[in-house]
There are 2 protein chains.
Amino acid sequence: MAKNCNFIEKLRELGLRPTKQRVKMCELLFNREKTFHFTINDLVKMISEEMNEKISLATVYNTVHAFEKKGYLKEISINSDKSYFDTNTSVHHHFYDEDTNELIDCDENDIDPVNIKKSITGKKINSVEVLVKVASDNQNQKKFN
Amino acid sequence: MAKNCNFIEKLRELGLRPTKQRVKMCELLFNREKTFHFTINDLVKMISEEMNEKISLATVYNTVHAFEKKGYLKEISINSDKSYFDTNTSVHHHFYDEDTNELIDCDENDIDPVNIKKSITGKKINSVEVLVKVASDNQNQKKFN
DNA sequence: CAACAGTTTAGAATTATTATAATGTAGATT
DNA sequence: AATCTACATTATAATAATTCTAAACTGTTG
């Protein structure tokens, strides 16, 4: 989406009524330089910190799913207990830091194209994504028990 | 685990008491030629179909997590609403059929090694896994509405 | 500005998972 | 073999995440 604040038009173009809740969420999610990852919980916190009025939890869910359906958010599954969304909707790879639970985007140059030699008849490939799990390198550390 | 039925010894080796519930679950999960994927729900159904006695849901969760902790099961996150477990605990890649929600293992030859050019200081790579999402190739199909 | 369809809302319902506390049991001790 | 004890199982309650519901609200169209 655009860098400026005219999300009202954007929403209308998508066939979504530009309610104040949706516009506010657009500002929080898309009015920034870099893409980022968040959980519904994160977003609810961000909203309550930045607004005097609250947005109902159901609306946050509805709106996030509406944005997802329109292709402006993407869901990422790393571990089953947390559901992340990503404002970077392109097909891209991730590093996942198992110590901090932090998810880090890769850009195109970080990982060479993946060569897939298998194919499934009647099916086309929609996406190819790599998940690299990292953790702190404690091999020299000793344990007492 | 072994192909024969002596899971009692196996469990003891792991420091897990070979209760009848655990032995039954071992038989269902590991007494087969091929590895496979399942949800807790799948497993509960399998158990109730194959046993006259029931295993409590809490026990199924406990036991699956015990097996996971010991490294005999692996959790897989594909989409946030379903948590899959895999009896194939090696690092390996998957195809995911978005039409049928089916998860298909790749073997080593299906995908060339992934070349990662980025590194994160102080962190070591624990795993690299590729997820290939496929869906039926309907590009020639026409819709009525 | 009236009417309507789409939206928001609080709270109930649902689903998946974990915690609890009483009961049961495998394996060691006698 | 009876008993003991720590670990397991169980039904149920509790929690957490998400979806549903139905009433109230609000953009948009005419």
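The structure displayed is predicted, hence computed values, not measured ones. Letters A, B, ... are given to chains in the order of the sequence lines, protein chains preceding strands, and every chain is numbered from 1. What you see below is based on every heavy atom in this structure, not just the backbone, and it leaves out hydrogens, waters and symmetry mates.
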Exercise for review: Could you tell me whether A:Leu57 contacts a base, only the sugar-phosphate backbone, or nothing, with contacts defined as non-hydrogen atoms closer than 4.0 Å?
Suggested key: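 It contacts base atoms.
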So for atom [atom1], which belongs to [X], do other residues, nucleotides or ligands contribute more than 12 heavy atoms lying within a distance under 6.0 Å?
X	atom1	result
A:Glu13	CD	yes
B:Lys34	NZ	no
A:Glu108	CD	no
A:Lys54	NZ	no

Counting side-chain heavy atoms from CB outward, which of [options] is closest to [X]?
X	options	answer
A:Tyr61	C:dT9, D:dA17, D:dT10	D:dA17
B:Asn41	C:dA16, C:dT9, D:dT9	C:dA16
B:Ala58	D:dT18, C:dA19, D:dA17	C:dA19
A:Gln21	D:dT18, D:dT9, C:dT8	C:dT8

Expressed in angstrom and rounded to an integer, what is the separation of [X] atom [atom1] from [N] atom [atom2]?
X	N	atom1	atom2	answer
B:Leu11	C:dG27	CG	C1'	15 Å
B:Ile47	D:dT10	CD1	C1'	14 Å
B:Lys24	D:dT9	NZ	P	15 Å
A:Met25	C:dT7	CE	C1'	13 Å
A:Lys54	D:dC25	NZ	P	19 Å
A:Arg22	D:dC25	CZ	P	18 Å
A:Ile55	D:dT26	CD1	P	14 Å
A:Asn62	C:dG11	CG	C1'	14 Å

**Study point:** Shortest non-hydrogen separation from A:Phe85 to A:His65 and the atoms involved
**Key:** CZ-NE2, 4.1 Å
Point to revise | N-O pairing of A:Lys123 and B:Asp99 below 4.0 Å | key: yes
Could you list, one pair per line, each protein nitrogen or oxygen that sits under 3.5 Å from a nitrogen or oxygen of nucleotides 23-26 of chain C, together with the distance?
none

Exercise for review: Return no unless some side-chain N or O of A:His65 is found under 4.0 Å from OP1 or OP2 of D:dT19.
Suggested key: yes
Exercise for review: Ignoring backbone atoms, establish whether A:Thr59 has a side-chain N or O less than 4.0 Å from OP1 or OP2 of C:dT9.
Suggested key: yes
Review point. Below 6.0 angstrom between ring centroids: does that apply to A:Phe67 and A:Phe30?
Key: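 When the ring centroids of A:Phe67 and A:Phe30 are compared, they turn out to be within the sub-6.0 Å range.
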